[in-house]
Amino acid sequence: MKITKVKGIYDILGKEAEIFSLIEETFFRLTKHFGYKRVFLPILEKEELFVRSVGDSTDIVEKEMYTFLDKGKRKVALRPEGTAGAVRAYIENQVFLSESYTKWSYFGEMFRYENPQAGRRRQFYQAGCEYFNAPSPLADGEVIYLAYRILKELNVNAKLYINSIGCDKCRGPYKTLLIDYLKSKEDKLCSDCQKRLKRNPLRVLDCKNPVCKDIIDEAPNILDHLCECCKLHFEQLKEILDILKVPYKIDPFLVRGLDYYTKTVFEFKVDSLGAQNTVLAGGRYDKLIKELGGPDIPALGFAMGVDRVALCMKEAIKDTRHGVILLPLDEKLLPYAVKAFKLLSESTSILEQIKEDIDTKKFNLVLKLMKDEKLRDFLVAVRDRIELPNKISKIRKMFSLADKKNFAYALIIGEEEASKNLITVKNLDTGNQFQLSLNMFEG
RNA sequence: GUGGGCGUAGCUCAGCUGGUUAGAGCGAGGGACUGUGGAUCCCUAGGUCGCCGGUUCAAGUCCGGUCGCCCACCCCA
């Protein structure tokens, strides 16, 4: 009996893995650029954390969490999202005592028990960041700009939608207004919306049913009912986005599924992905830290759906030639090939030394490198990747392998080379080759 | 949780209204080609036809169930 993977949980290999790495690398480069520090947070948390933060009437908590009792009979859950755990860690470690503000970034797997479909998996990856103690709309602008830059850098063509859903002062009165309106049309709403009306009336606003859409168009608009503070905050945010030249659309019907959001919410959507087209989303959660037992500290953040972004980047990785492979012509030449392998691999530190420390023992090599473009390109390729073959076979075979594995250079290690302490370097793109003495790498 | 479509070689797929040893292309390994890759030609390996049960003289093909995949709903990144 063959053991297979669990439904909705996937191995990430090959091209998809390369794209994941590229996303991760880009994400951390840009978050670091804007002052975020990477943190590593638990995948397993107490179930109660998510019930209290995400909201006990959300679908995530009601039916999508992987929960179980551990051997100590603790009710635990695999994290369905990242913010709750980050906030818990922020409070538990009392980070607010030693830092005036805190910016965290993370990348990791999340779990939700849903039926899989395009852009939806039971184990999926999010790259997210959280910005604690950030009351000003400057923070909203900066966070959205960061998200915008990441997607831009990854060549993901997404449109930004923003909204404000107010704070506890203005959302309450608006909610009753909305409920009153929807109740007057209740018989016309779809059955889902009739249920939403009772459990989470704001969610009626993003129903896709055309009949509901017409009703929603006439519904009271939250933006007309914000308190002065929220209104000003939203106005300032729009101004900041304009200065940053981040294009956006205001969507007064944009509400997020998680309970903890206040004021600013935003989503980046693509149109190439089918039904699951939100690739990045986030917002402000000014009350969450307090609700989870911490001080009254405003914060905001976002999460990017890595699997979804990767789907948009199918063509992003092209097979370019890179690196070098050593081709010993027969078994006898193995020791010489291994020696060359070590010398070349270690020589690449020279490339760094050129920048910092020209006064080196390997001055001659450095001088040569500065003049010899061919040699420099070759060593750059060596630094990128250097491999020995998986087995020694006919030269023809090994060249074919070098080609298929997309090496930029093949190094021929033969009797003649070994006797003169050199290697023959063949550029697999141009077909040109030259010989290189190993003497200069020694000592 | 609900609905629709689909499961045949590593991948993409043929396989007629059930009929005997289940095919192709690509990929993989080897050879033609003894120090030079991409091209061409030849050879080889790789399958309990997703799994279990049923109908039948006979099932990859029909029926039921189950698991998985894809798509959508719900919902979300």
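Residue numbers begin at 1 in each chain, while the letters A, B, ... track the order of the sequences.
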Colleague: Does A:R29 come within less than 4.0 Å of A:E24, counting only side-chain N to carboxylate O?
Modeller: no
Colleague: Over how many whole Å does the gap from A:K405 atom NZ to B:A28 atom P extend?
Modeller: 9 Å
Colleague: Taking atom C1' in both B:U48 and B:G5, what distance in whole Å separates the two?
Modeller: 26 Å
Colleague: Just checking A:K426: base, sugar-phosphate only, or nothing, at a heavy-atom cut-off of under 4.0 Å?
Modeller: base
Colleague: When you compare B:A39 with B:G46, how far apart are their C1' atoms, in angstrom units rounded to a whole number?
Modeller: 26 Å
Colleague: Taking any strand in view, what nucleotide pairs with B:C69 in a Watson-Crick or G-U wobble way, both distances under 3.5 Å?
Modeller: B:G5
Colleague: Any base atoms under 4.0 Å from A:I412, or only sugar-phosphate, or nothing? Heavy atoms, all strands.
Modeller: base
Colleague: Can you measure A:R396 atom CZ to B:G37 atom P for me and round it to whole angstrom units?
Modeller: 4 Å
Colleague: Applying side-chain hydrogen bond (donor to acceptor under 3.5 Å, both in side chains) to A:E442 and A:N421, what does each step give before you reach the verdict?
Modeller: CA-CA 11 Å; A:E442 276 164 318; A:N421 201 33; 3.2 Å; yes
Colleague: In terms of side-chain geometry, is the basic nitrogen of A:D286 or A:R284 positioned less than 4.0 Å from the acidic oxygen of its partner?
Modeller: yes
Colleague: Measure from the side-chain heavy atoms of A:K404 and tell me the nearest of B:A28, B:C71, B:G37.
Modeller: B:A28
Colleague: Does a side-chain N or O from A:K394 land closer than 4.0 Å to OP1 or OP2 of B:G31, or not?
Modeller: yes
Colleague: Does a donor on one side chain and an acceptor on the other come within less than 3.5 Å for A:Y125 and A:Q123?
Modeller: yes
Colleague: Starting at atom CZ of A:R321, determine the distance to atom P of B:G38, rounded to an integer number of angstrom.
Modeller: 11 Å
Colleague: I'd like the P distance from B:U61 over to B:G19, given in whole Å.
Modeller: 10 Å
Colleague: Which comes earlier along RNA chain B counting from the 5' end, the contact point of A:G8 or that of A:Y125, where each point is its nearest nucleotide?
Modeller: A:G8
Colleague: Name the nucleic acid region contacted by A:Y10, choosing base, sugar-phosphate or nothing; use a 4.0 angstrom heavy-atom cut-off, strictly under.
Modeller: sugar-phosphate
Colleague: For the base of B:C69, is there a side-chain donor-acceptor partner from A:Q117 under 3.5 Å away?
Modeller: no
Colleague: Tell which nucleotide pairs with B:U20, taking only Watson-Crick or G-U wobble pairs whose two distances are both under 3.5 angstrom.
Modeller: none
Colleague: Hey, does A:I395 reach any base, or is it just sugar-phosphate, or nothing, if we go heavy atoms under 4.0 Å?
Modeller: sugar-phosphate
Colleague: Looking at every strand, decide which applies to A:A402 at a 4.0 Å heavy-atom threshold: base, sugar-phosphate, or nothing.
Modeller: nothing
Colleague: Within the structure shown, what part of the strands sits under 4.0 Å from A:E417 by heavy-atom distance: base, sugar-phosphate, or nothing?
Modeller: base
Colleague: Taking the side chain of A:T424 as heavy atoms from C-beta outward, which of B:U36, B:A72, B:A77 is closest to it?
Modeller: B:U36
Colleague: Provide, to the nearest angstrom, the distance between the CZ atom belonging to A:F111 and the C1' atom belonging to B:C75.
Modeller: 19 Å
Colleague: How close or far is atom P of B:G37 from atom CG of A:N432, stated in whole angstroms?
Modeller: 15 Å
Colleague: Between B:A45 and B:G30, how far apart are the two C1' atoms, rounded to whole Å?
Modeller: 10 Å
Colleague: Categorize A:G14 for me: base, sugar-phosphate, or nothing, with a 4.0 angstrom heavy-atom threshold over every strand shown.
Modeller: nothing
Colleague: Does the side chain of A:Q433 come under 3.5 Å of the side chain of A:T424 through a donor N or O and an acceptor N or O?
Modeller: no
Colleague: With heavy atoms under 4.0 Å as the rule, sort A:Q433 into base, sugar-phosphate or nothing.
Modeller: base
Colleague: Hey, which of these two, A:I413 or A:R203, hits RNA chain B nearer its 5' end, going by closest nucleotide?
Modeller: A:I413
Colleague: Mind checking A:K63 for me? I need base, sugar-phosphate or nothing, with any heavy atom below 4.0 Å counting as a touch.
Modeller: base
Colleague: Using the rule side-chain hydrogen bond (donor to acceptor under 3.5 Å, both in side chains), only one of A:Y106, A:W104, A:Y90 pairs with A:E130; which is it?
Modeller: A:Y106
Colleague: Using a cut-off of 4.0 Å between protein heavy atoms and nucleotide atoms, how would you tag nucleotides 41-46 of chain B 5' to 3' with B, S and -?
Modeller: ------
Colleague: Give the rounded distance in Å between these two atoms: NZ of A:K7 and C1' of B:C69.
Modeller: 9 Å
Colleague: For nucleotides B:G3 and B:G65, find the distance between their P atoms and express it as a whole number of Å.
Modeller: 12 Å
Colleague: Is A:G128 touching bases, backbone alone, or none of the nucleic acid, heavy atoms closer than 4.0 Å?
Modeller: nothing
Colleague: Under 4.0 Å, counting only non-hydrogen atoms across every strand here, what does A:G282 touch: a base, just sugar-phosphate, or nothing?
Modeller: nothing
Colleague: How far does the C1' atom of B:C6 sit from the matching atom of B:C51, given to the nearest Å?
Modeller: 16 Å
Colleague: Go through B:G37, B:C70, B:G31 for me and flag the one nearest to the A:P116 side chain.
Modeller: B:C70
Colleague: Does any nucleotide pair with B:C26 by Watson-Crick or G-U wobble geometry, both distances under 3.5 Å, and what is it?
Modeller: B:G10
Colleague: May I ask you to say whether A:D140 pairs ionically with A:K263, meaning some side-chain N is under 4.0 Å from a carboxylate O?
Modeller: no
Colleague: Under a 3.5 Å limit for both distances, which nucleotide forms a Watson-Crick or G-U wobble pair with B:A77, could you say?
Modeller: none
Colleague: With a 3.5 Å limit on both atom pairs, tell me what B:C62 is paired to, counting Watson-Crick and G-U wobble, or say none.
Modeller: B:G54
Colleague: Using a strict threshold of under 4.0 Å (side-chain N to carboxylate O), is an ion pair present between A:R321 and A:D403?
Modeller: yes
Colleague: Looking only at atom C1', what distance separates B:A59 and B:G15, rounded to whole Å?
Modeller: 14 Å
Colleague: Just checking A:D59: base, sugar-phosphate only, or nothing, at a heavy-atom cut-off of under 4.0 Å?
Modeller: sugar-phosphate
Colleague: Classify the nucleic acid contact of A:E267 as base, sugar-phosphate or nothing, counting any heavy atom under 4.0 Å across all strands shown.
Modeller: nothing
Colleague: Between A:K391 and B:G30, does any side-chain N or O lie under 4.0 Å from OP1 or OP2?
Modeller: yes
Colleague: Any Lys/Arg nitrogen of A:K5 or A:D11 sitting under 4.0 Å from an Asp/Glu carboxylate oxygen of the other?
Modeller: no
Colleague: Specify the separation, in whole Å, of atom CZ of A:F399 and atom P of B:A39.
Modeller: 16 Å
Colleague: For A:R52, is there an ion pair with A:E45 - N to carboxylate O distance below 4.0 angstrom?
Modeller: no
Colleague: Can you check whether A:K5 has a side-chain N or O nearer than 4.0 Å to OP1 or OP2 of B:C69?
Modeller: yes
Colleague: Does the structure show a Watson-Crick or G-U wobble partner for B:A45, both distances under 3.5 Å? Name it, or say none.
Modeller: none
Colleague: What is the ring orientation for A:F27 with A:F107, classed by angle as parallel under 30°, tilted 30 to 60°, or perpendicular over 60°?
Modeller: tilted
Colleague: Suppose you measure atom C1' in B:A14 against the same atom in B:A9; what distance do you get, rounded to whole Å?
Modeller: 13 Å
Colleague: Can you tell me the pairing partner of B:G37 across any strand shown, Watson-Crick or G-U wobble, with both distances under 3.5 angstrom?
Modeller: none
Colleague: How many Å lie between CD on A:Q276 and C1' on B:C73, as a whole number?
Modeller: 10 Å
Colleague: Does the pair A:R385/A:E387 count as a salt bridge with the N-to-O cut at 4.0 Å?
Modeller: yes
